[in-house]
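Structure record follows, encoded as C-alpha cells.
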Amino acid sequence: MTIAFVYPGQGAQTIGMGRDLADAYPAAKAVFDEVDEALGEKLSQLIWEGDAEELTLTQNAQPALMATSMAAMAALKAEGVTVDKAAYVAGHSLGEYAALCAAGTFSLADTARLLRIRGRAMQAAVPVGQGAMAALLGLSFEQAEAVAAEAAQGEVCQVANQNDPAQNVVSGSKAAVERAIDLAKAAGAKRALLLPVSAPFHCALMAPAAEEMAGALADVTMNAPAVPVVANVVAEAVTDPEQIRKLLIEQVTGQVRWMSSVEWMGAQGVTEVWEIGAGKALSGMIRRINKEITCVNIGTAADAAAVKTA
C-alpha cells in the first residue's frame, strides 16, 4: 500500500475546526499557540469562537486552515505516525503550503506568515466586485477551457481549478466570468454558478500578488522536503527548494491541476490518500478521479486516535 497525505484549500474552513485536536493533544494545541505567536494575534480564538465571515476572509482562512492541518499532523505524530509514512504530499492551492510545512520545507511560523501575506496580497490584487470565480459542473476540462476562451472577449477568463472529471472553476473579470456561466449552460453544464469568493484567484489578474509572494518567498529559509511534494502547477513531484519557490510564485496566477495531480499519484502506485485537516472536499474529488484510491480523513481527535488501532 502506497499512501499520500493531502491538505485542503480555501472553502473547507468552519468555526470550531481543530478545537478537539487541541483539547486532546498538547502537541496540537502547541501548533495553534505557535501560529498565534507568529502572527501576533489570537487566530485560534477566531477559528474556535469567532465570526464565520471573518474567518472566511482570505487573509484569515489561509493560515487558519494550515494551522488545523498541522494540528492534525501533530496529533498523528503523537500516535506514532510521521510524514514519512507518505510517499507523497500534496495540497489544494493554499494546501500546498501545508504540505510543504508538513514535509519540513518551511517552519510552522514561516508558513503562517507566508499565508497571511499571500491572503492579503491575493485580496488586494483586484478591487472587490471587479473579479469573480464560477464553478462549471458537468463539463470536461477541455469544454471548460473552450468556454473560458470564448467568454474572455479581451478580458481575463481562465480555468483556475481543474478539480475532478466534471468540476472545473473559471476565474477572471466579473463580466467575463458571467459570460462563461451562460456559455457553460448552453454547452450542457449541469450547473454553472458564481462562487462566494472575494477575489478571482489563480488567474492573470493575480499578477500583483505573485510579485509580492516572490519577495516574501525570497526571504524565507527553505529546506528540501522530507517527502516529495506534488506541485499544483506541474502535477508531479518536486523536491528542489529553488524549483518549489518558483512554482509557488507561479501558483498564484497559475492553474490548480488537482485532477492531474491525483492521476499522477495514482500512476505512481498510490492506493490510499489521507486528507489531513478540515472537511472532506478533497476526498470527494479524489473518489471521482480514481475510484481505486481509498480515502481516509484525519480532521478530529477521534480520527487521529483511530490510526493507532487501524
Side-chain angles (χ1 to χ4, degrees), residues 8-14 52-53 55-58 61-62 65 92-95 118-119 121-210 232-233 235 250-263 279-289:
Q10 217 159 320
Q13 68 276 356
T14 55
E53 273 189 42
L55 180 61
T56 298
L57 291 174
T58 302
Q62 296 201 15
L65 283 161
H92 192 280
S93 189
L94 83 91
R118 184 178 182 268
M122 290 172 89
Q123 186 61 65
V126 180
V128 173
Q130 290 190 15
M133 297 181 79
L136 311 182
L137 309 180
L139 296 185
S140 69
F141 174 67
E142 291 73 23
Q143 286 174 305
E145 279 206 314
V147 160
E150 190 180 340
Q153 295 181 20
E155 295 183 295
V156 172
C157 190
Q158 296 166 239
V159 178
N161 296 5
Q162 171 215 44
N163 283 337
D164 65 39
Q167 186 194 121
N168 296 282
V169 174
V170 294
S171 181
S173 307
K174 191 164 191 284
V177 170
E178 286 170 345
R179 287 192 292 271
I181 288 173
D182 293 337
L183 288 164
K185 288 174 180 172
K190 287 179 185 166
R191 290 180 75 197
L193 64 160
L194 284 173
L195 293 175
V197 294
S198 51
F201 307 130
H202 300 292
C203 75
L205 295 175
M206 287 286 115
N232 286 179
V233 294
E250 283 181 30
Q251 192 221 53
V252 179
T253 55
Q255 197 174 86
V256 176
R257 297 178 59 198
W258 187 251
M259 184 170 83
S260 297
S261 297
V262 173
E263 287 173 339
K280 299 181 179 181
L282 297 184
S283 298
M285 292 178 200
I286 291 163
R287 288 188 189 100
R288 291 188 289 273
I289 296 164

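Here the structure is a predicted model, which means the values were calculated and not measured.
- With sequence neighbours excluded, the residues satisfying side chain to side chain donor-acceptor pair (under 3.5 Å) with Asn163 are His92, Gln167.
- Put simply, CG on Asp164 and CD1 on Ile286 are 10.5 Å apart, with the number rounded to the nearest 0.5 Å.
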Check your understanding: Step by step, would you call Thr56 with Gln10 a side chain to side chain contact (heavy atoms under 4.5 Å, CB included)?
Key -> CA-CA 8 Å; Thr56 298; Gln10 217 159 320; 5.9 Å; no
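- In this structure, Pro165 and Ile289 approach most closely via the heavy-atom pair CD-CG1, 3.8 Å.
- Scanning for salt bridge (charged side-chain N to carboxylate O under 4.0 Å, His left out) contacts around Glu145 gives an empty result, with sequence neighbours left out.
- Judged by distance alone, with hydrogens and angles left aside, the side-chain atoms of His202 form no donor-acceptor pair with the main-chain N or O of Thr253 at under 3.5 Å.
- Listed by first and then second residue, the salt bridge (charged side-chain N to carboxylate O under 4.0 Å, His left out) pairs that reach into residues 179-189 are Glu155-Arg179, sequence neighbours excluded.
- Residues that satisfy the salt bridge (charged side-chain N to carboxylate O under 4.0 Å, His left out) test with Glu178, not counting sequence neighbours, are Lys174.
- The backbone N or O of Leu57 lies less than 3.5 Å from no partner atom in the side chain of Gln123, so there is not a single donor-acceptor pair.
- The two residues Ala199 and Met122 make their nearest non-hydrogen contact at CB-O, 3.7 Å.
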Exercise for review: Evaluate the side chain to side chain contact (heavy atoms under 4.5 Å, CB included) criterion for residues Leu205 and Ser173: first the C-alpha distance (whole Å), next the side-chain angles of each, then the deciding distance (0.1 Å), finally the verdict.
Suggested key: CA-CA 8 Å; Leu205 295 175; Ser173 307; 4.1 Å; yes
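- Shortest non-hydrogen contact noted between Ala176 and Val156 is CB-O, 3.6 Å.
- Looking only at atom types and distance, the side chain of Gln162 has a donor-acceptor partner in the side chain of Ser260 under 3.5 Å away.
- How far OG of Ser171 is from CD of Gln158: 7.5 Å, rounded to the nearest 0.5 Å.
- Summarising the geometry of Leu194 relative to Ala132, their closest heavy-atom pair is CD2-CB, 3.9 Å, with the distance given to 0.1 Å.
- Separation of atoms CZ (Arg118) and CE (Met206) is listed at 10.0 Å; rounding is to 0.5 Å.
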Exercise for review: I would like to know whether Val147 and Val170 meet side chain to side chain contact (heavy atoms under 4.5 Å, CB included); could you show each step before the answer?
Suggested key: CA-CA 9 Å; Val147 160; Val170 294; 5.6 Å; no
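- The side chain to side chain donor-acceptor pair (under 3.5 Å) test applied to Ser261 returns no partner, not counting sequence neighbours.
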Check your understanding: Should Thr58 and Phe201 be marked as a side chain to side chain contact (heavy atoms under 4.5 Å, CB included) after you check the CA-CA gap, both sets of side-chain angles, and the distance that decides it?
Key -> CA-CA 10 Å; Thr58 302; Phe201 307 130; 3.5 Å; yes
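- Smallest separation of non-hydrogen atoms from Cys157 and Ala152: CB-CA, 4.0 Å.
- A distance-only check finds no donor-acceptor pair linking the side chain of Asn168 to the backbone of Leu136 [under 3.5 Å].
- Here Glu150 pairs with nothing under the salt bridge (charged side-chain N to carboxylate O under 4.0 Å, His left out) rule; sequence neighbours left out.
- When every heavy atom of Gly138 is checked against every heavy atom of Gln143, the shortest pair comes out as O-OE1, 4.4 Å.
- In this structure, CG on Asn161 lies 12.5 Å from CE on Met259, to the nearest 0.5 angstrom.
- With Gln255 contributing its side chain and Val159 its backbone, the two residues share a donor-acceptor pair below 3.5 Å.
- The distance from the CH2 atom of Trp258 to the CE atom of Met285 is 8.0 Å, given to the nearest 0.5 Å.
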